[in-house]
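Right, one structure below, let's go through it.
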Amino acid sequence: MTTPSDDTSAGRFEFWREVVGQSFVPLEALPREVPDFRASLHTAQLGAVQVSVVAADPHGVAHTRRHIASDPADFVKVSLQLAGQCMLTQADRQALLKPGELAIYDTRHPYTLDFDQRYRTLVLMFPRVMLRLPERDLTRVIATTVSCHDGLGPVVHPFLRGLAGQVRQLDTLGTQRLADSVVDLVGAMLSDRCAVHVTQQDDGRELLSQRILTYMEQRLSDPGLGPDRIAAAHHISRRFLYKLLAERGYTVSGWLRERRLAECLRDLADPALAHMPVATVGSRWGFPDPAHFSHAFKSAYGMSPSEARGAGRTALGA
């Protein structure tokens with residue numbers, strides 16, 4: 001379908017609005033200021049997979065909550081940018097697609113596509129169940145830019161471009177077996193992307209956790225050190241701080257208490273510090289209250305700080 005050549009630019013856009021709204025899931029076409037709007041759509045049905053090549057002047061499309069309420073279709077769409085660029089927005093994410101990049105989006109949720117220049121794109125639409133991607137992994141890759149220049153991209157990209165080039169013949173050539181192969185290839189690429197995402201995310205959490213522990217270690221002697229200060233210093237919430245340390249088997253207060261008491265134990269066993277009052281040892285490691293220090297120490301080691309010092313290094317190491 002191509003916008004009629006014997007109509008005005010506004011008339012062609014109205015024609016395109018009808019085409020877009022009927023060719024995919026319900027969509028609303030959004031105009032942009034262009035001197036002479038023109039567009040074309042070629043679509044083929046490959047088993048359960050709809051294959052479309054869209055070429056158009058700048059405009060936008062939106063799949064809204066109103067559309068979803070009227071037609072709750074359970075599809076995923078994959079867009080491969082062939083020319084121009086596109087900004088995909090879904091689930092509070094934005095993915096800028098340039099030629100050789102693709103993204104996946106979910107018709108169960110609102111999304112927008114914004115094209116600020118003339119473009120050409122391949123769009124695959126198929127039932128979500130065909131993808132065989134766990135919901136958690138699908139959520140991770142929704143509206144993220146997937147490059148076709150690395151990973152499985154160099155394998156998948158020529159195949160998808162071939163589909164785009166043969167879209168006019170696919171209705172006669174296509175089979176469900178080929179459709180399954182298309183989805184499997186896309187699914188493999190997205191799974192690979194998801195694995196990279198998870199690894200990067202896990203690496204990031206590991207580095208952040210280590211930075212937090214180092215920060216706490218360097219400030220053990222500060223009795224005012226607590227969750228609020230630690231979280232603020234790392235630009236995270238208290239809740240996320242607790243979660244990160246819980247993954248390592250710690251609580252904030254438990255880790256601080258354990259490390260502070262260990263330093264107190266070491267100092268009490270050091271002959272060079274035998275002149276230092278027990279209360280001072282506690283105070284220099286974040287226990288300004290002698291009674292609290294004594295109670296915490298005895299709970300941890302089964303003896304008071306004074307008894308520990310009197311027992312000597314051998315008893316302390318036992």
Side-chain angles (χ1 to χ4, degrees), residues 91-93 134-142 144 191 193-318:
D92 296 323
R93 295 181 191 160
E135 185 72 20
R136 182 178 63 180
D137 290 349
L138 178 61
T139 300
R140 284 177 174 143
V141 296
I142 284 293
T144 61
S191 293
R193 165 71 178 181
C194 186
V196 170
H197 173 81
V198 170
T199 299
Q200 291 173 338
Q201 186 181 58
D202 289 346
D203 288 348
R205 290 169 77 97
E206 180 67 23
L207 288 172
L208 178 57
S209 296
Q210 191 56 54
R211 283 201 301 269
I212 289 170
L213 292 178
T214 300
Y215 176 89
M216 293 163 64
E217 184 76 33
Q218 292 170 344
R219 292 161 179 79
L220 284 177
S221 61
D222 182 357
L225 183 65
D228 287 333
R229 278 180 49 187
I230 297 166
H234 294 86
H235 309 290
I236 60 176
S237 66
R238 282 182 55 159
R239 182 177 180 182
F240 190 49
L241 170 64
Y242 293 149
K243 186 174 183 180
L244 284 174
L245 292 192
E247 289 172 358
R248 289 174 168 248
Y250 301 125
T251 63
V252 174
S253 59
W255 189 92
L256 287 172
R257 182 174 58 252
E258 180 180 320
R259 286 294 303 119
R260 284 168 170 164
L261 289 172
E263 292 298 328
C264 290
L265 180 63
R266 189 187 65 178
D267 284 0
L268 290 168
D270 187 350
L273 300 177
H275 65 283
M276 185 179 290
V278 167
T280 302
V281 172
S283 180
R284 76 194 296 252
W285 291 112
F287 294 103
D289 182 347
H292 177 243
F293 169 50
S294 181
H295 177 75
F297 192 94
K298 190 167 186 177
S299 295
Y301 299 117
M303 65 182 81
S304 70
S306 297
E307 290 170 338
R309 170 170 276 173
R313 288 189 182 181
T314 303
L316 290 173

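We number each residue from 1, following the sequence as shown. Values in this document were obtained by computation on a predicted structure and should not be read as measured data.
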[Y] and [X], any side-chain heavy atoms less than 4.5 Å apart:
{"X": "Leu256", "Y": "Thr251", "answer": "no"}
{"X": "Phe293", "Y": "Cys264", "answer": "yes"}
{"X": "Val281", "Y": "Phe287", "answer": "no"}
{"X": "Leu244", "Y": "Ile212", "answer": "yes"}
{"X": "Leu208", "Y": "Phe240", "answer": "yes"}

So does [Y] get a backbone contact from the side chain of [X], meaning a donor-acceptor N/O pair under 3.5 Å?
{"X": "Thr280", "Y": "Met276", "answer": "no"}
{"X": "Arg93", "Y": "Ile142", "answer": "yes"}
{"X": "Thr139", "Y": "Glu135", "answer": "yes"}
{"X": "Ser294", "Y": "Pro290", "answer": "no"}

Can you tell me how far [atom2] of [Y] sits from [atom1] of [X], rounded to the nearest 0.5 angstrom?
{"X": "Ser306", "Y": "Lys298", "atom1": "OG", "atom2": "NZ", "value": "11.0 Å"}
{"X": "Leu241", "Y": "Lys243", "atom1": "CG", "atom2": "NZ", "value": "12.5 Å"}
{"X": "Ser304", "Y": "Arg309", "atom1": "OG", "atom2": "CZ", "value": "11.0 Å"}

Minimum heavy-atom separation for [X] and [Y], please, with both atom names.
{"X": "Pro288", "Y": "Gly286", "result": "CD-O, 3.3 Å"}
{"X": "Met303", "Y": "Phe297", "result": "O-CD2, 3.2 Å"}
{"X": "Trp255", "Y": "Leu220", "result": "CZ3-CD2, 4.0 Å"}
{"X": "Leu261", "Y": "Ala300", "result": "CD1-CB, 3.7 Å"}

Verdict with supporting geometry, Gln210 and Arg248, side-chain contact (heavy atoms from CB on, under 4.5 Å) = CA-CA 10 Å; Gln210 191 56 54; Arg248 289 174 168 248; 3.5 Å; yes

Any side chain to side chain donor-acceptor pair (under 3.5 Å) involving residues 258-267? Give me the pairs, sequence neighbours left out, ordered by first then second residue.
-> Glu217-Arg259, Arg259-Glu263, Glu263-Arg266, Asp267-Arg284, Asp267-Trp285

Do any side-chain atoms of residues 222-231 form donor-acceptor pairs under 3.5 angstrom with protein atoms, and if so which ones, sequence neighbours left out?
unit_1	atom_1	unit_2	atom_2	d
Asp222	OD1	Gly224	N	2.8
Asp222	OD2	Arg229	NH1	2.8
Asp222	OD2	Arg229	NH2	2.8
Asp228	OD1	Arg238	NH1	3.2
Arg229	NH1	Gly224	O	3.4

